[in-house]
Novice: 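Below are the structure tokens for one structure; questions will follow.
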Amino acid sequence: MTTATGNERRTTRRRFDAKKWLPILGVAGIVLYCLAPFYWMVVTAFRRPADQYDLSPLSRTWSVENFRAVFEPGTGFGRALLNSLIVASTTTILTLVIGTSTAYALARLAFRGKNLVLSLIIATSMFPGISLIVPLLRLFTDIGWINTYQAMILPSLSFALPLAVWNLTMFFRQMPQELEQAAMVDGCTPGQAFRRIIVPLAAPGMFTTAILTFILAWNEFIIALSMVNEQNMQTVTVAISKFTGATQYDQPFGTQMAAGVIVTIPLVIGVLIFQRRIIAGLTSGGLK
């Protein structure tokens, strides 16, 4: 009897340990799967150009030659960084201004067809970007917008706004209307109540929307590639795709990986710094 009881206890402990460690192992596997490409990009970026075809998981000799090559005068990478910053920042600001006003109206105003309008807004994000390139290219050519910032900002805005409006509408809906009513009782106009009461309380949701919009605009490729053909106007994603080696037939994997690290690191650092605000913004919209 004692032996049987001991075996049962050991079996129970094993089951308990399995329930404890299986979720942890699953999460660890997902994290490794997501970080593996970034790890390989970093390792390849620090290899010597002569070792770019080396498949070892860790470089034997570390070098920064690829990073020097990224900023050579002929690449135009510094200018491309500035262009991406201008496009992504402008897209984010316009998305917040327009998206916040639209979302607040959809959340607070009562009018017929409101849910249909919201459904149509989110439905526009379902169209693949490549399907809109040809008509946009024809339109921007006719009005002389090719090789301009607005030719990249407006299409990016059209893809970022539906997500922003949807997220912020859900966020504003869970905020009680008594907040504005109390502010107007104290003498505020509806506009002042929105600016002084609602916007500060909605800061987590707006901040999360801004981060997601900036990342979306920063990583955009197909629009920038189609609307711009001058080197001094191209963004970093296009600049990386056009890197060439020492000869026409070289494939500069190391230089492209180094440029990818430079472009990715600021986003990773920003997300790590503001991760609490991002999580708060993503979760607060679902709380009552």
Side-chain angles (χ1 to χ4, degrees), residues 27-92 129 149 152 156 159-160 208 210-225 228 230-279:
V27 172
I30 294 174
V31 171
L32 290 175
Y33 178 80
C34 294
L35 293 182
F38 183 73
Y39 170 79
W40 190 253
M41 179 174 65
V42 173
V43 171
T44 305
F46 282 99
R47 296 187 196 274
R48 296 178 302 178
D51 300 331
Q52 67 177 354
Y53 294 104
D54 185 7
L55 299 180
S56 59
L58 194 63
S59 179
R60 300 184 184 88
T61 304
W62 294 83
S63 172
V64 294
E65 294 181 33
N66 291 320
F67 291 91
R68 294 196 189 102
V70 169
F71 289 99
E72 288 184 357
T75 62
F77 189 74
R79 175 69 183 185
L81 279 174
L82 178 61
N83 293 335
S84 287
L85 182 62
I86 293 174
V87 172
S89 300
T90 306
T91 302
T92 302
Y149 287 124
M152 295 181 283
S156 298
F159 295 120
T208 302
I211 290 292
L212 296 177
T213 301
F214 186 88
I215 293 175
L216 177 67
W218 181 267
N219 293 331
E220 198 285 318
F221 174 75
I222 189 63
I223 295 174
L225 179 65
V228 171
E230 293 182 0
Q231 185 180 27
N232 63 343
M233 289 298 297
Q234 66 188 10
T235 58
V236 287
T237 52
V238 178
I240 293 174
S241 69
K242 294 184 177 181
F243 279 164
T244 58
T247 67
Q248 182 180 0
Y249 302 102
D250 283 348
Q251 180 61 46
F253 291 116
T255 307
Q256 291 174 338
M257 294 297 183
V261 171
I262 296 172
V263 171
T264 307
I265 286 297
L267 299 180
V268 174
I269 294 176
V271 170
L272 291 177
I273 293 175
F274 300 110
Q275 60 179 331
R276 291 185 179 180
R277 290 181 176 269
I278 295 174
I279 295 173

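Computed from a prediction, not measured in an experiment: that's the story for all the values here.
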Novice: Sort and list the pairs that fulfil salt bridge (Lys or Arg N to Asp or Glu O under 4.0 Å) and have at least one residue in residues 68-78, not counting sequence neighbours.
Specialist: none
Novice: Do the non-hydrogen side-chain atoms of Pro49 and Asn66 ever get within less than 4.5 Å of each other?
Specialist: yes
Novice: Measuring from Lys242:NZ to Leu225:CG, what's the distance to the nearest 0.5 Å?
Specialist: 6.0 Å
Novice: Would a 4.5 Å heavy-atom cut-off, applied to side chains only, mark Phe214 and Leu85 as touching?
Specialist: yes
Novice: Backbone N or O of Arg79 within a donor-acceptor pair of the Asn232 side chain at under 3.5 Å?
Specialist: no
Novice: Which atom pair, heavy atoms only, marks the closest approach of Gln234 to Val238?
Specialist: OE1-CG1, 3.8 Å
Novice: Is there a side-chain contact between Asn219 and Ile215 (heavy atoms, below 4.5 Å)?
Specialist: yes
Novice: Which word best sums up how the rings of Phe67 and Phe46 line up, parallel for under 30°, tilted for 30 to 60°, or perpendicular for over 60°?
Specialist: tilted
Novice: To the nearest 0.5 angstrom, please state how far the OG1 atom of Thr44 sits from the CZ atom of Phe253.
Specialist: 9.5 Å
Novice: Answer yes or no: is there a donor N or O on one side and an acceptor on the other, between the side chain of Ser84 and the main chain of Val236, under 3.5 Å?
Specialist: yes
Novice: Distance from Asn83 atom CG to Met233 atom CE, nearest 0.5 Å?
Specialist: 5.5 Å
Novice: Which atom names give the shortest non-hydrogen contact between Val228 and Glu230, and what distance separates them?
Specialist: CG1-O, 3.4 Å
Novice: Once you round to the nearest 0.5 Å, how far does OH of Tyr149 lie from CD1 of Ile86?
Specialist: 3.5 Å
Novice: Are the side chains of Glu220 and Thr235 in contact, using a 4.5 Å heavy-atom criterion?
Specialist: no
Novice: Output the distance between atom CZ (Phe159) and atom OG1 (Thr213), rounded to the nearest 0.5 Å.
Specialist: 13.5 Å
Novice: To the nearest 0.5 Å, what is the distance between CH2 on Trp62 and CZ on Arg48?
Specialist: 13.0 Å
Novice: Let's go through Phe71 and Leu81 carefully: what are the C-alpha distance in whole Å and the side-chain angles of both, what is the deciding distance for side chain to side chain contact (heavy atoms under 4.5 Å, CB included) to 0.1 Å, and is it a yes or a no?
Specialist: CA-CA 11 Å; Phe71 289 99; Leu81 279 174; 4.2 Å; yes
Novice: Check ring pair (Phe, Tyr, Trp, His ring centres under 6.0 Å) between Tyr39 and all other residues, then give those that pass, not counting sequence neighbours.
Specialist: none
Novice: Looking at every non-hydrogen atom in both residues, tell me the closest pair between Gln231 and Gly76 and how far apart they are.
Specialist: NE2-N, 3.9 Å
Novice: Identify the two heavy atoms, one from Thr75 and one from Ala69, that lie closest to each other, and give their separation to 0.1 Å.
Specialist: CG2-O, 3.6 Å
Novice: List the atom pairs, donor and acceptor, that lie under 3.5 Å between side-chain atoms in residues 254-267 and the rest of the protein, sequence neighbours left out.
Specialist:
residue, atom, partner, partner atom, Å
Gln256, OE1, Gln251, NE2, 3.2
Thr264, OG1, Gly260, O, 2.6

